[in-house]
Protein chains: 2
Amino acid sequence: MSCEQTLIQQLRARGFRLTPQREMVLSVLHDGEGLVTAEEGHSRVQRLSSAVDISTVYRTLGLLPKFDLVSSVDPGDGQRRYEFLGLHGAHLHLICQACGQVSGIDLEVAPALVEQLQAACGFQAALDQLSIPGLCPACAVAPDG
Amino acid sequence: MSCEQTLIQQLRARGFRLTPQREMVLSVLHDGEGLVTAEEGHSRVQRLSSAVDISTVYRTLGLLPKFDLVSSVDPGDGQRRYEFLGLHGAHLHLICQACGQVSGIDLEVAPALVEQLQAACGFQAALDQLSIPGLCPACAVAPDG
DNA sequence: CTAAATGCAAATATTTTGCAGGTTA
DNA sequence: TAACCTGCAAAATATTTGCATTTAG
């Protein structure tokens with residue numbers, strides 16, 4: 001089933017409607033590479049239909065994660081980012097504090113962490129929404145800049 | 001050496017000055033329990049001296065983490081939080097997505113994670129600035145509300 | 001037809017910045 | 001005294017909300 005179909009299904013199942021705007025927002029997330037801010041999503045959507053308002057983009061970006069089609073992360077730079085999930089599934093994000101680059105890696109790096117958190121304090125970690133700050137390989141070598 | 005002394009030393013070492021405002025900001029972080037937003041810090045500081053401006057609090061909160069006296073984390077709710085480090089040292093934060101509660105736990109839960117990230121992609125994780133989203137024990141039981 | 005969604009504009013919230021005057025070393 | 005810091009006000013940024021109108025089902 002295409003993600004488009006999934007969207008329609010999920011919307012209907014909960015009494016939401018399929019609008020061109022929602023299709024477009026899903027589409028730009030689908031086609032775009034990786035993490036997208038609301039603003040970026042908005043400008044990409046506007047290439048498809050220039051009248052779409054950014055408030056609609058915000059509303060849609062708030063909606064899509066509920067359908068497991070999109071995930072959202074806050075890299076801690078004051079701009080939440082959204083990402084299409086269909087292709088690779090959930091993963092976690094590594095955020096370089098020096099250059100801002102974000103890379104996604106498989107959740108499999110951290111199964112032990114989840115178990116340990118569960119065991120140690122009963123906390124149920126949602127790794128798919130996790131972003132880990134640090135230094136990417138390039139910046140780790142040259143800490144300044 | 002008291003954290004006050006450390007602050008003075010760190011400030012002087014880098015050509016910064018010790019001001020009452022900076023002392024007060026450090027003080028409220030020191031006395032407060034756990035994570036504090038800029039706004040919270042500001043209102044606590046104002047109890048000590050009502051004229052202190054929030055922009056000064058922001059400036060100081062941007063400064064203190066550089067001295068390893070304070071750490072900052074962004075729980076992903078659009079409000080960065082700050083925390084005094086002297087007592088317990090660095091740790092990571094578990095953030096409940098249902099009730100918003102934040103608890104800190106020792107970095108020792110995740111040494112394997114750091115190694116794996118380093119090995120897998122050369123990423124140097126800064127766990128002390130990490131916050132992990134998920135569900136706290138209470139909310140994990142009663143997912144709604 | 002009706003509930004839901006959109007566009008627009010205005011409101012909110014958070015953090016940053018310019019600058020004149022005050023303060024630390 | 002000189003560089004640094006503060007308070008104030010205004011700006012910048014990001015996101016949300018009210019409401020009249022439009023639209024999907």
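All figures in this text were calculated on a predicted structure; none of them were measured in a lab. In the text below, chain A, chain B and the rest are named by the order of the sequence lines, each starting its count at 1.
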Exercise for review: Would you mind telling me which residue lines up with the more 5' stretch of DNA chain C, Glu39(B) or Thr60(A), judged by nearest nucleotide?
Suggested key: Thr60(A)

Point to revise | Value in whole Å for how far the P atom of dT15(D) lies from CG of Asp53(A) | key: 14 Å

Revision key, fill the gap. In whole angstroms, the gap separating P of dT14(C) from CD of Glu40(B) amounts to 10 Å

Review point. How is Arg22(A) classified with respect to the nucleic acid when contacts are heavy atoms under 4.0 Å: base, sugar-phosphate, or nothing?
Key: sugar-phosphate

Sub-3.5 Å pairs of nitrogen or oxygen atoms, protein against nucleotides 22-25 of chain D:
from, atom 1, to, atom 2, distance (Å)
dA24(D), O3', Leu18(A), O, 3.4
dA24(D), N3, Arg17(A), NH1, 3.1
dG25(D), OP1, Arg12(A), NH2, 3.4
dG25(D), OP1, Leu18(A), N, 3.2

Review point. Of all heavy-atom pairs between Tyr82(B) and Val70(B), which one has the smallest distance, and what is that distance?
Key: CB-CG1, 4.2 Å

Practice item. Give one of base, sugar-phosphate or nothing for Ser55(A), where a contact means two heavy atoms less than 4.0 Å apart. Key: base

Practice item. Send over the distance from Ile54(A) CD1 to dG7(C) P, rounded to a whole Å. Key: 12 Å

**Study point:** Gln21(A) CD to dC8(C) P, straight-line distance once rounded to whole Å
**Key:** 11 Å

Practice item. Return no unless some side-chain N or O of Tyr58(B) is found under 4.0 Å from OP1 or OP2 of dT16(C). Key: no

Review point. End-to-end bend of the helix from dC1(C)-dG25(D) to dA25(C)-dT1(D) (five-pair axes, 10° rounding)?
Key: 40°

Study note, to complete from the structure: From CD of Gln46(B) across to C1' of dT6(D) the rounded distance in Å is 14 Å

